[in-house]
Amino acid sequence: RGLAMGDHSTDVNKTIHVSGLPPHITEPQLLDIFSPCGPVLYLRILGEDHTAQNKFAFIEFMDVGGYTAAFNLSGMVIGAQAITVNRSHNGCAKPYVKSTPDIRSRLQAVLSKVGQKVESRSKSRSRSRSRKRQRRRSRDRSRSRSHRRQRRSSSRSRERDRDRDRNRDRDRDRGRDRDR
């Protein structure tokens with residue numbers, strides 16, 4: 001579900017959250033309402049279909065201009081309900097769609113009008129490999145950090161034990177001194 005043109009990553013700086021949607025609204029209808037603000041990169045309606053209170057949508061615009069223009073639609077009445085347009089604090093997960101060369105070329109033709117270029121599959125593969133490498137490195141770093149923390153905490157506990165032993169010895173010596 002969801003209308004997507006592009007990759008899976010979400011730019012929260014260009015994504016809005018629309019709440020108060022009527023239960024009958026569809027993605028193409030919502031796209032017709034918000035596309036005058038600017039080119040829509042991704043749109044997804046979420047919530048239960050039978051209750052109007054829980055229906056909401058995430059809309060990601062291609063540029064910041066469309067994002068800021070969309071806030072003017074807050075308060076617009078759709079199906080006897082006023083919608084609320086807010087800044088999205090988190091993006092919406094986009095479904096992965098396997099693209100064929102035909103789809104990729106059609107998408108590239110559409111996006112070339114906008115001035116963007118669709119990456120080929122080989123580029124995305126090399127990027128994912130480097131991401132895996134980065135994750136592996138960061139995991140290794142975090143492991144070494146946690147190992148240092150463990151060492152540090154064990155040395156701290158040894159210090160505490162020594163301090164406790166010293167205090168016991170001191171208290172025992174004081175008790176002996178009093179007895180004399």
Side-chain angles (χ1 to χ4, degrees), residues 1-139 142:
R1 249 181 98 135
L3 301 174
M5 295 179 68
D7 59 45
H8 320 309
S9 61
T10 300
D11 188 355
V12 179
N13 295 327
K14 294 185 251 175
T15 305
I16 60 168
H17 176 263
V18 183
S19 59
L21 294 171
H24 66 275
I25 192 106
T26 62
E27 289 171 346
Q29 290 172 332
L30 202 58
L31 185 63
D32 288 341
I33 293 168
F34 282 92
S35 60
C37 298
V40 174
L41 188 64
Y42 185 78
L43 179 143
R44 185 163 188 189
I45 297 177
L46 301 164
E48 297 180 28
D49 292 332
H50 61 279
T51 58
Q53 301 159 333
N54 295 334
K55 205 149 190 191
F56 59 95
F58 288 99
I59 302 173
E60 182 180 342
F61 289 92
M62 206 169 279
D63 55 27
V64 180
Y67 167 81
T68 52
F71 289 103
N72 295 330
L73 297 180
S74 189
M76 178 184 197
V77 177
I78 303 174
Q81 280 187 278
I83 62 167
T84 307
V85 178
N86 290 311
R87 176 182 174 291
S88 176
H89 295 286
N90 52 352
C92 187
K94 298 176 188 176
Y96 176 75
V97 179
K98 187 176 181 179
S99 67
T100 62
D102 179 47
I103 292 172
R104 207 171 26 247
S105 64
R106 288 191 347 218
L107 184 60
Q108 191 166 7
V110 170
L111 290 177
S112 67
K113 293 177 184 175
V114 182
Q116 293 196 354
K117 190 173 182 178
V118 178
E119 292 182 4
S120 68
R121 188 170 168 85
S122 62
K123 286 183 183 176
S124 64
R125 273 188 186 162
S126 65
R127 185 182 298 157
S128 68
R129 284 184 189 140
S130 65
R131 283 186 191 143
K132 286 178 187 174
R133 224 177 279 130
Q134 286 174 336
R135 284 188 194 128
R136 202 176 312 126
R137 285 179 187 152
S138 68
R139 229 183 281 133
S142 65

Report summary line: Which of Val18, Ile83, Ile33 passes side-chain contact (heavy atoms from CB on, under 4.5 Å) with Ile25? It is Ile33
Query raised in the report: Where do Thr15 and Tyr67 come nearest, in terms of heavy atoms and distance?
Result: O-CE1, 3.3 Å
Query raised in the report: What pair of heavy atoms forms the shortest contact from Asp32 to Pro36, and how long is it?
Result: O-CD, 3.3 Å
Report task. Could you check Tyr42 against Ile59 for side-chain contact (heavy atoms from CB on, under 4.5 Å), going step by step and ending with a plain yes or no? Result -> CA-CA 6 Å; Tyr42 185 78; Ile59 302 173; over 6 Å; no
Query raised in the report: Is the backbone of Asp63 close enough, under 3.5 Å, to the side chain of Lys14 for a donor and an acceptor to pair up by distance?
Result: no
Query raised in the report: Does any N or O in the side chain of Ser74 come within less than 3.5 Å of the main-chain N or O of Phe71, such that one atom is a donor and the other an acceptor?
Result: no
Requested in this report: Carefully, step by step, assess His89 and Val12 under the rule side-chain contact (heavy atoms from CB on, under 4.5 Å).
Outcome: CA-CA 7 Å; His89 295 286; Val12 179; 5.7 Å; no
Query - Residue pair Arg87 / Ile16, side-chain heavy-atom distance below 4.5 Å - result: no
Requested in this report: Output the distance between atom CE (Met76) and atom OG1 (Thr84), rounded to the nearest 0.5 Å.
Outcome: 13.0 Å
Report summary line: In short, Phe34 meets Phe61 closest at the heavy-atom pair O-CE2, 3.7 Å
Query raised in the report: Which atoms form the tightest heavy-atom contact between Ala70 and Cys37, and what is the distance?
Result: CA-SG, 3.7 Å
Query - Which atom of Gly75 lies closest to which atom of Ala82, heavy atoms considered - result: O-CB, 3.9 Å
Query raised in the report: If you look at every heavy atom in Ser19 and Phe56, which pair is closest and at what distance?
Result: CA-CB, 4.1 Å
**Report entry** Stepwise side-chain contact (heavy atoms from CB on, under 4.5 Å) test for Leu30 and Leu43
**Finding:** CA-CA 8 Å; Leu30 202 58; Leu43 179 143; 4.0 Å; yes
Query raised in the report: So, Gln81 side chain and Ile78 main chain: donor-acceptor pair closer than 3.5 Å or not?
Result: no
Requested in this report: Mind checking the CZ-CD spacing from Arg44 to Glu60? Nearest 0.5 Å is all I need.
Outcome: 13.0 Å
